[in-house]
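A quick write-up on the structure given underneath.
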Amino acid sequence: MRDVISRPIQALFGSKFNKIDSAAALQNTLDLVEDAAVIYDSEQNRVLISNSAFQILSSYAPQEIINSRLEDLFEGLSPEAIEKETQCTANLRTRNRVNLPVEIRKTSLDAQSSWWVFRVQSSAGMQYNRSEWQKMLLAAFSDLPDLIQNPGGDLRGAIRQILKIITDLFETHLVCVYHASAQLPELTKLITLEELTFFPDSLPSTDLIRVSTPSLWLPGKRMVTLLHRSARIAGLSYVASIPIGKENAFDGLLIIGGMDQQPPPYVLETGQALAVYISRVFARSIFEENEKKDSTYRKYLTQVYSTVYEYVQEGVLVVGGDSTIVEMNPAAELLLGYTRKEVQGEHVENILITPDRLLPNLAGVLSGSAPSVMENITLHRRNGQNFSADVKILPIRQDERLVGVSILIGDISEHEQILAQSRQLEQRAFLGEFMGVFAHEVLNPINNISTGLQILSRRLGAESQYQDTIARMENDCVRLHHQMEALKSYAKPYEPQQERVDIPGLLKRILDRWRPRMERSNIAHVYQPAENLPPVKGDWRALDQVFNNLISNAIDVMRDKGGILSVRVTLSTLISNRPHLEIAVSDNGPGIPDDIRDRIFEPFVTTKSSGTGLGLSITKRIVTAHRGSITFNSYPGGTIFRVFLPACEE
């Protein structure tokens with residue numbers, strides 16, 4: 001066999017094949033022929049071997065082709081044509097019973113031999129050879145670089161135009177692209193030109209591993225992926241799968257299929273070329289998406305920084321490397337008393353005036369030292385007032401280069417006031433506890449003294465010259481007893497009893513009790529309760545004390561000149577959406593002096609020479625315990641106290 005075929009094979013396949021040692025070598029050599037080819041023994045009328053291209057074209061396995069007669073493989077191929085013609089046409093009977101028009105070219109292996117090489121090319125393949133195919137691809141790909149560089153954000157549109165090239169070249173609409181999902185372990189069908197759905201909407205990611213190289217599946221071949229099984233069920237004549245992307249980092253699959261036709265020539269090569277462009281579209285789309293995300297995130301950060309800069313409670317000054325002020329936020333304007341335009345370009349030492357070591361620390365940070373934190377320093381406002389502040393000096397760097405500093409100013413003067421008030425409240429709490437104990441201890445001696453004075457008065461008799469002195473001492477004991485009881489009431493914790501209280505009825509009873517006193521003092525009163533007022537929940541005894549104190553104070557300030565006492569009860573939503581009863585007690589007395597208005601509800605503050613100064617303090621405490629509030633308005637010629645108590649919701 002070696003002697004018979006060596007020279008013709010060398011002439012047929014080229015000088016690079018100098019030696020054929022076996023039939024296996026002949027098979028391997030025949031597989032290198034680009035066209036479909038078989039070696040035919042004319043004496044025995046049988047096919048000896050076929051190459052892989054012929055197997056793909058016919059869809060037959062090699063064992064089905066060997067020993068076949070040419071009449072079984074080709075329809076319309078007469079024995080005369082086999083014997084005499086070097087070139088003829090016929091129809092190739094494919095495995096799926098489709099007759100494929102082909103052109104057959106016959107070449108003898110040896111003049112003394114009966115072996116012939118039949119090269120078979122389909123009509124589709126006859127349309128162009130490799131050089132023509134390359135020219136067609138260059139023409140089809142001419143617009144792809146611009147498409148890739150400027151996809152305009154339309155990933156699907158760009159890939160659809162690339163797939164359109166395949167449909168134009170190979171006259172098939174069974175073309176689609178699967179894209180690997182970063183979130184799901186699967187490939188999703190991204191774009192398809194199928195007129196009817198043959199390929200599944202998704203593929204498991206393992207399919208991408210199984211077809212990691214360009215491959216062509218034909219009926220009869222092993223099905224290794226879900227894609228192949230779907231093609232077999234749909235009756236497709238071939239499926240070409242080409243991975244998209246770089247090796248070990250594939251982005252997806254390009255799928256080309258056909259029905260009732262053989263695989264077009266160069267389908268894998270064309271798919272590989274187009275897969276490169278699709279991969280670039282993917283990369284461009286990812287780049288643009290990342291750029292968009294980065295741009296959105298930068299805008300978000302800018303908005304966050306702007307919001308923080310504008311609305312943060314700390315004052316912020318941005319100082320350049322030359323120690324001049326570049327920017328200042330609204331909080332700093334309020335703290336320092338300057339406007340933004342006034343300080344821009346000014347040296348920082350002209351604005352931040354302080355006796356502390358702020359400027360040396362600022363110079364140190366500008367020279368590259370660590371950030372500086374200064375606590376409880378004194379700064380001066382534009383109007384000369386000073387305030388306590390915590391100051392942080394932080395460097396601003398750009399590309400590892402120091403370009404300035406930011407100065408954060410926190411006003412702690414209010415915090416200092418709160419601390420002072422807290423200390424004062426603690427002292428008052430201690431004083432209240434002490435006074436409660438003191439009042440309890442003093443009441444017993446006072447009672448003993450009062451009892452002793454009463455016994456002494458009876459023994460001396462009514463005609464004794466000491467009766468007036470004893471009476472004054474008894475009055476002093478009564479007054480001291482009243483003050484000690486007030487101290488005890490203020491010092492002990494108070495929790496109101498919860499029951500429904502009819503405020504209009506309670507006020508009417510209180511006014512009736514004070515009616516004789518008002519008539520003696522020439523005081524008229526006006527009582528105006530609204531109709532259908534709801535009750536409140538609370539302790540009627542404590543509320544009786546509240547309104548008794550307010551009415552008593554109003555009568556006391558009008559006892560010399562007389563006047564009008566007005567009590568009005570209405571339903572109000574002034575302080576919250578929840579309805580409250582508003583009880584207004586007004587008089588036309590001289591008003592509350594200016595020097596005690598801010599302290600009117602504090603203990604031991606009074607305008608009465610004989611008062612304890614605890615009445616309004618206890619009143620406010622009771623109202624607050626009932627979840628209400630009390631306010632007042634005072635002016636020369638009158639005072640109005642308003643008590644707000646939450647109405648029952650039933």
Side-chain angles (χ1 to χ4, degrees), residues 496-593 597 600-601 607-608 611 615-650:
Q497 298 179 1
Q498 295 296 319
E499 57 181 302
R500 295 164 69 91
V501 180
D502 178 17
I503 294 298
L506 178 65
L507 289 170
K508 185 177 183 304
R509 291 194 296 271
I510 295 173
L511 289 172
D512 288 342
R513 289 202 305 265
W514 285 96
R515 187 186 303 275
R517 171 77 179 275
M518 288 188 287
E519 291 176 353
R520 289 195 302 270
S521 300
N522 195 25
I523 297 173
H525 75 277
V526 178
Y527 180 44
Q528 296 176 310
E531 296 181 357
N532 300 322
L533 291 173
V536 301
K537 275 192 175 182
D539 186 344
W540 72 267
R541 297 173 184 82
L543 293 176
D544 182 281
Q545 185 178 358
V546 167
F547 300 119
N548 193 71
N549 284 341
L550 295 179
I551 292 172
S552 173
N553 290 342
I555 292 174
D556 283 343
V557 298
M558 296 186 294
R559 66 179 181 273
D560 295 333
K561 298 181 180 180
I564 299 175
L565 172 69
S566 175
V567 179
R568 183 167 55 91
V569 188
T570 57
L571 193 64
S572 171
T573 57
L574 182 63
I575 61 174
S576 71
N577 293 329
R578 180 180 175 181
H580 283 66
L581 260 65
E582 178 184 347
I583 302 97
V585 179
S586 62
D587 62 70
N588 56 356
I592 300 174
R597 286 187 182 180
I600 192 65
F601 292 113
T607 58
K608 302 176 184 179
L616 287 178
S617 177
I618 294 174
T619 296
K620 181 175 178 60
R621 185 182 181 192
I622 294 173
V623 172
T624 303
H626 283 76
R627 299 183 181 179
S629 61
I630 181 171
T631 63
F632 74 95
N633 290 324
S634 186
Y635 46 88
T639 301
I640 303 175
F641 280 90
R642 289 184 173 88
V643 177
F644 296 89
L645 296 173
C648 291
E649 297 180 356
E650 294 84 352

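The figures that follow rest on heavy atoms only: side chains count, while hydrogens, waters and symmetry mates do not. All values reported here derive from a predicted model rather than from experimental measurement.
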Exercise for the section: Evaluate the criterion side-chain contact (heavy atoms from CB on, under 4.5 Å) for residue pair Thr570 and Gln528; output intermediate values, then yes/no. Expected result: CA-CA 9 Å; Thr570 57; Gln528 296 176 310; over 6 Å; no

Exercise for the section: Might you work through the side-chain contact (heavy atoms from CB on, under 4.5 Å) test for Arg513 and Asp544, ending with a clear yes or no? Expected result: CA-CA 12 Å; Arg513 289 202 305 265; Asp544 182 281; 3.2 Å; yes

Practice task
List the steps and the verdict of side-chain contact (heavy atoms from CB on, under 4.5 Å) for Leu565 and Val585.
Solution key: CA-CA 7 Å; Leu565 172 69; Val585 179; 4.0 Å; yes

Handout entry: Candidate pair Asn633 and Thr639, rule side-chain contact (heavy atoms from CB on, under 4.5 Å), full reasoning
Key = CA-CA 6 Å; Asn633 290 324; Thr639 301; over 6 Å; no

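The CG atom of Asn549 lies 4.0 Å from the OG1 atom of Thr619; values are rounded to the nearest 0.5 Å. Interatomic distance, CE of Met518 versus CD1 of Ile551, reported as 7.5 Å (0.5 Å rounding). Of the inter-residue distances, the one linking His580 atom NE2 with Arg627 atom CZ reads 10.5 Å to the nearest 0.5 angstrom.
Side-chain contact between Asp502 and Leu506: absent, with no pair of heavy atoms (C-beta onward) separated by less than 4.5 Å. No side-chain heavy atom of Met558 sits under 4.5 Å from any side-chain heavy atom of Ser521. In this structure, Ile600 and Ile592 have side chains that are in contact, with non-hydrogen atoms separated by less than 4.5 Å. Inter-residue side-chain proximity for Asp587 and Ile564 is flagged as unmet; no heavy-atom pair is nearer than 4.5 Å. Counting heavy atoms from C-beta on, the side chains of Leu543 and Val643 never come closer than 4.5 Å. Contact check for Phe641 versus Leu616: side-chain heavy atoms found under the 4.5 Å cut-off. The shortest side-chain heavy-atom distance between Asn548 and Trp514 falls under the 4.5 Å cut-off. Residues Val567 and Ile510 have side chains not in contact (no heavy-atom distance under 4.5 Å, counting atoms from C-beta outward).
In plain terms, the two heavy atoms of Gln545 and Ile622 that are nearest each other are OE1-CD1, 3.8 Å. Pro535 and Arg500 get closest at one heavy-atom pair: CG-NH2, 3.4 Å. Between Arg578 and Ala647, the shortest heavy-atom distance links the atoms NH2-O, 3.5 Å. Across all their heavy atoms, Ile640 and Ser586 have their closest contact at CG1-CB, 3.5 Å. Residue Pro534 comes nearest to Cys648 through the heavy atom pair CB-O, 4.4 Å, listed as atom of the first residue, atom of the second, then distance.
Using a 4.0 Å cut-off between charged nitrogen and carboxylate oxygen, Asp512 and Arg515 count as a salt-bridge pair.
Exactly one residue among Val623, Ile630, Leu645 makes a side-chain contact (heavy atoms from CB on, under 4.5 Å) with Val546. That residue is Val623.
Of the possible polar contacts, none joining the Ser572 side chain to the Glu582 backbone as a donor-acceptor pair under 3.5 Å is found. A distance-only check finds no donor-acceptor pair linking the side chain of His525 to the backbone of Ile523 [under 3.5 Å]. Checked by atom type and distance alone, the side chain of Tyr527 pairs as donor or acceptor with a backbone atom of Pro504 at under 3.5 Å.
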